[in-house]
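So the structure is just underneath, and the comments pick up after that.
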Amino acid sequence: TTRSLFALGGEALEGAVREEVREQVAQSVVRIDAALELLHPGAHRAMGGLELTASQAEAALRVLRAFSDSRMVALSRAVVEVVQQSKQEAGGGEALSRRLSETLAPRLSDVVQLHREMFPMRPLVFQAEQRSKGSSAWQPAAELNMSFEDAQRFPSASDEVTSGVIAHAQALFEALEGELGEEMPKVPSEMMRSAGGGASSRRDEDDFWLMDCLARGSPSHPKVCACLASSTGHVLNLLMKLSKGAL
C-alpha cells in the first residue's frame with residue numbers, strides 16, 4: 001500500500017517521508033479493523049475464520065499490486081485530469097462520459113491487459129445494452145450507504161493516506177469476494193466503499209456506475225484505481241458506445 005501511494009503520487013504526499021507514511025498506513029489498517037469489529041462483529045468474526053489457499057491469497061494480492069503498476073498509474077492520472085476538468089466546467093454526465101471514453105480509448109490495450117493480469121481466470125465481459133428506458137441520464141447517487149452514527153465511528157477518509165488505505169482495502173475485499181464467493185462477507189467492501197465516498201456497489205446494472213464512481217473518487221488516485229480495477233467491463237462499454245456514435 002505504501003509503495004502504491006508513492007507511485008500514484010499526489011500533492012498531499014509531496015516531500016513525505018516513506019517510513020512516516022508506512023506508519024500511517026499501519027495505523028489506518030488497525031483503525032479499519034477495529035471499526036469493522038465494532039460496527040459489524042459478525043462479519044469480522046467470519047473474516048477471521050477464513051482460510052485462504054496460496055493461490056487465493058496470490059490472486060487477491062495481484063489486485064493490490066496493480067495499484068502501483070505504471071499503466072494503472074497513468075490511467076488514474078489521466079482520468080483524474082478529465083474528471084476535475086469536467087467538474088470545473090460544470091459539464092454534465094454525457095460530456096464526462098465522452099471525455100472519459102476519448103481519454104481511455106488510446107489505453108484500451110492497457111485496460112484489457114491489466115484485467116487479464118489481475119483476474120486471469122475471470123473472463124472480461126461487458127453489457128452491450130444501455131440503461132433501461134427512462135433512466136439514460138447519469139445522475140450521481142444522492143446518499144451513501146452509511147449512517148451518520150457509523151460515519152462518526154469510522155476513521156476519517158479526509159487525508160490522502162487514510163483515503164488510500166480505504167481504497168486498497170475495498171479492492172482487497174472485493175477480490176476476496178471473487179475468490180471465496182459466499183464465504184467472504186459483503187459487508188467489509190460495502191463499508192469501505194461508503195467510508196471512501198464511493199458509488200453504489202451495484203456495478204452490474206450499467207456503465208453509468210463507472211462515471212459515478214470516478215466522479216466521487218477524483219481527485220484521489222487510489223480511489224480512481226479501485227474504480228478501474230473493479231469495472232473494466234464498464235470501460236469497454238463506454239468505448240463501444242463511442243465507436244458506435246452513441247455518446
Quick one: [atom1] on [X] to [atom2] on [Y], what's the gap to the nearest 0.5 Å?
| X | Y | atom1 | atom2 | result |
| --- | --- | --- | --- | --- |
| Leu228 | Leu114 | CG | CG | 9.0 Å |
| Glu190 | Gln170 | CD | CD | 9.0 Å |
| Arg71 | Ser76 | CZ | OG | 13.0 Å |
| His168 | Ser163 | NE2 | OG | 10.5 Å |
| Gln85 | Thr103 | CD | OG1 | 8.5 Å |
| Leu50 | Leu176 | CG | CG | 7.5 Å |

If you define the side chain from C-beta out and look only at heavy atoms, does anything of [X] sit under 4.5 Å from [Y]?
| X | Y | result |
| --- | --- | --- |
| Lys223 | Arg216 | no |
| Val224 | Val83 | no |
| Phe173 | Met47 | yes |
| Val73 | Asp69 | no |
| Ile32 | Met192 | yes |
| Leu214 | Val80 | no |
| Arg193 | Glu174 | yes |
| Leu52 | Leu180 | yes |

Of all the heavy-atom pairs spanning [X] and [Y], show the shortest one and how long it is.
| X | Y | answer |
| --- | --- | --- |
| Pro188 | Pro185 | CD-O, 3.3 Å |
| Met72 | Cys225 | CG-SG, 3.5 Å |
| Pro222 | Phe67 | O-CE2, 3.5 Å |

hydrophobic_cluster_shared for Val30 and Ile166, side chain cutoff 4.5 Å:
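Different hydrophobic clusters.
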So, are Arg45 and Glu37 salt-bridged, with charged N and O less than 4.0 Å apart?
no
Should the pair Glu19-Arg22 be classified as a salt bridge under the 4.0 Å nitrogen-to-oxygen rule?
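Yes, Glu19 and Arg22 are salt-bridged.
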Just by modelled atom types, is the Thr53 backbone N or O under 3.5 Å from a matching donor or acceptor in the Gln56 side chain?
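Yes; judged by distance alone, with no hydrogens or angles, the pair exists.
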Counting N and O atoms only, with roles assigned by atom type, does the side chain of His115 sit under 3.5 Å from a partner on the main chain of Val111, one being a donor and the other an acceptor?
no
Would Ser218 and Gln84 count as having a side-chain donor-acceptor pair, cut-off 3.5 Å?
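Looking only at side-chain atoms, Gln84 and Ser218 do form a donor-acceptor pair, the distance falling under 3.5 Å.
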Before you tell me yes or no, could you show the steps for His44 and Asp33 under side chain to side chain contact (heavy atoms under 4.5 Å, CB included), namely the whole-Å CA-CA distance, both residues' side-chain angles and the distance that decides it to 0.1 Å?
CA-CA 8 Å; His44 187 270; Asp33 180 70; 2.9 Å; yes
Consider side chain to side chain contact (heavy atoms under 4.5 Å, CB included). Of Glu183, Lys186, Glu182, which one does Glu177 pass it with?
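Result for side chain to side chain contact (heavy atoms under 4.5 Å, CB included) with Glu177: Lys186.
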Can you name the side chain to side chain contact (heavy atoms under 4.5 Å, CB included) partners of Leu108, sequence neighbours left out?
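With neighbours one apart ignored, the set is Val112, Leu236, Leu239.
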For a quick test of your reading: what N or O donor-acceptor pairs under 3.5 Å do the side chains of residues 57-66 make, sequence neighbours left out?
from, atom 1, to, atom 2, distance (Å)
Glu58, OE1, Arg65, NH2, 3.3
Glu58, OE2, Arg65, NH2, 2.2
Arg62, NE, Glu117, O, 3.2

